[in-house]
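All heavy atoms count here, side chains included; hydrogens, waters and symmetry mates do not. Position 1 is the first residue of the sequence, and the numbers go up from there.
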Amino acid sequence: MSVIVISTGGTIASTKGSGGGASPELTGDDLVTNVPGLSDDIELTTYDFSNIPSPHFSVNQMHKLSELIADYDRDDTVDGIVITQGTDTLEEVAYFVDLCYDGDTPVVFTGAMRNPSLASPDGPANLLIAIRTATSDGARGRGVLVAFNDQVHAAKLVTKTHSMRLDTFRSPELGPLAVHDEETIRWRASVDSTPTIDIAPETLTNEVAALTVTVDMPPSQIPEPDDFESVVLATTGAGHIPTGIISPLEELAREDVPLVATTRCLEGRLATSTYNYRGSEQTLVGLGCYFSDRNLQKTRIATIVALAGRSLETMFDRP
Ligand code: ASP
């Protein structure tokens, strides 16, 4: 079987420079050289896409990466596609690709929390399970995946939960889709497929604001209608906001700036008919908000992709 490993940078590719701090420098070939326990039946090739820390990813780079992945999917000699990247924004990049990808070839993202110069770096083991996942029959039809710390998650659900620990990637509520036992990927669950959106690249924009709603939030934190193409809000609880921000949100709604709401809670979704006080989910409904069931950073990615595909209605419910 043949797997292409696309390297983009991050801790997995970082080495310690003379200044003491680590930064991305290793190539894809460097990364695959020392993968332990890899079967001789798997042939690896590499593609160096970039060597950046993941917070440096741009919307255009995410789109280019998804086009590269689509090209490899069309290549019949490729059985699996693995992408290595920094963990900080891995959930956003993987989800962006998930929303654009309609191929059959398994696509698996991975990275590392400890760079190769530290004790027990996790990059080689993560790369190994990513390659095993990409060559596992069960990976087909499960959308873009994230393999990390002996677990395999759906790009749609996974989130980075800890700034330092190796078990940082989790899928709140559902848990992983598969676990890695010995040399086997054991599949346990699947998620509903993500709608694939056809993007008009010239309409891609990063001008989507993402705000966490907080108690007694100053209204000045809500942007003016001309500032952004859309505003995404992680509301408190099941869709609740302080009354002070209703008026600037009404102004955005009047000017047809799409508003997308989600919850700032780690688990759960927005209510639609539980409360009706001013600032409750009924206020969001009245503002014409789109409702998202993904976290704030993924909701922003979904909004960016939906705007570029002119398909906010496909992406989100609007109760
Ligand atoms: N700062 C790094 C990055 O996201 C962290 C990591 O790779 O884990 O590129």
Side-chain angles (χ1 to χ4, degrees), residues 1-10 12-13 24 26-32 35 38 41-52 54 56-86 89-111 126-127 129-147 152 154-156 193-206 301-302 304-311 314-315:
M1 293 193 96
S2 117
V3 174
I4 175 77
V5 176
I6 302 172
S7 63
T8 73
I12 191 167
L26 302 177
T27 63
D29 281 347
D30 295 329
L31 299 187
V32 301
V35 181
L38 197 65
D41 300 342
I42 298 179
E43 187 199 321
L44 294 180
T45 45
T46 59
Y47 182 96
D48 293 323
F49 177 82
S50 62
N51 225 340
I52 54 171
S54 72
H56 293 192
F57 257 100
S58 68
V59 163
N60 287 323
Q61 278 170 308
M62 289 190 253
H63 181 246
K64 276 203 183 109
L65 181 61
S66 61
E67 286 191 319
L68 178 67
I69 290 168
D71 286 346
Y72 279 119
D73 171 60
R74 285 187 283 269
D75 179 344
D76 290 341
T77 65
V78 173
D79 300 305
I81 303 166
V82 168
I83 301 95
T84 61
Q85 78 150 91
T89 67
L90 193 150
E91 64 180 280
E92 286 153 274
V93 179
Y95 186 48
F96 187 106
V97 172
D98 196 27
L99 291 171
C100 301
Y101 184 65
D102 64 357
D104 279 338
T105 315
V107 175
V108 186
F109 280 72
T110 195
N126 285 341
L127 190 49
I129 74 149
I131 293 165
R132 284 189 176 147
T133 304
T135 52
S136 159
D137 283 343
R140 287 182 182 265
R142 280 192 161 88
V144 171
L145 300 164
V146 173
V152 184
K156 183 180 176 181
S193 61
T194 302
T196 303
I197 307 283
D198 252 344
I199 281 186
E202 63 289 353
T203 60
L204 261 180
T205 177
N206 66 345
I301 292 294
I304 288 170
V305 171
L307 286 173
R310 297 186 180 82
S311 53
T314 316
M315 187 70 79

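Results of the side-chain contact (heavy atoms from CB on, under 4.5 Å) test with V144 over V107, I81, V108, T194 single out V107 as the only residue that passes. Of the options T203, L204, L99, a side-chain contact (heavy atoms from CB on, under 4.5 Å) to I304 is made by L204 and by none of the others. For the side-chain contact (heavy atoms from CB on, under 4.5 Å) with I83, the qualifying choice from L68, T8, V93, V97 is T8, the only one to do so.
The shortest non-hydrogen separation linking L31 to A13 is CD2-CA, 4.1 Å. For the residue pair E92 and M62, the shortest heavy atom distance occurs at O-SD, 4.3 Å. Taking each heavy atom of I197 and G309 in turn, the nearest pair found is CG2-CA, 3.7 Å. The minimum heavy-atom distance between I199 and F96, with the atom names listed, is CD1-CZ, 4.1 Å. Summarising the geometry of I52 relative to P24, their closest heavy-atom pair is C-CG, 3.7 Å, with the distance given to 0.1 Å. When all heavy atoms are compared, the tightest approach of Q61 to H56 is OE1-O, 3.5 Å.
Within the 4.5 Å cutoff, side-chain heavy atoms of L127 are placed close to those of T84. When side chains are defined from C-beta on, I129 does not count as touching T110, because their heavy atoms never get closer than 4.5 Å. At a threshold of 4.5 Å between non-hydrogen side-chain atoms, the residues D41 and M1 do not count as touching.
Between F57 and F49, the angle of the ring planes stays under 30°, which puts this pair in the parallel group of the 30/60° scheme.
Judged by distance alone, with hydrogens and angles left aside, the side-chain atoms of D79 form a donor-acceptor pair with the main-chain N or O of S2 at under 3.5 Å. Of the possible donor and acceptor atoms, one in the side chain of S54 sits under 3.5 Å from a partner among the backbone N and O of T89.
Atom-to-atom distance recorded for F109:CZ and E91:CD is 12.0 Å, nearest 0.5 angstrom. Remark: I131 CD1 to L44 CG distance equals 4.5 Å, nearest 0.5 Å. Taken from OH in Y101 to CG in D73, the straight-line distance is 3.5 Å, to the nearest 0.5 Å. Once rounded to the nearest 0.5 Å, the distance linking CG of L26 with CG of N51 reads 7.5 Å. Separation of atoms CD1 (I6) and CG (D48) is listed at 10.5 Å; rounding is to 0.5 Å. Interatomic distance, CG of L307 versus OG1 of T205, reported as 8.0 Å (0.5 Å rounding).
Remark: R310 CZ is loosely packed, at most 12 non-hydrogen atoms of other residues, nucleotides or ligands lying under 6.0 Å away. Heavy-atom neighbours of D198 CG from other residues, nucleotides or ligands within 6.0 Å: at or below the threshold of 12.
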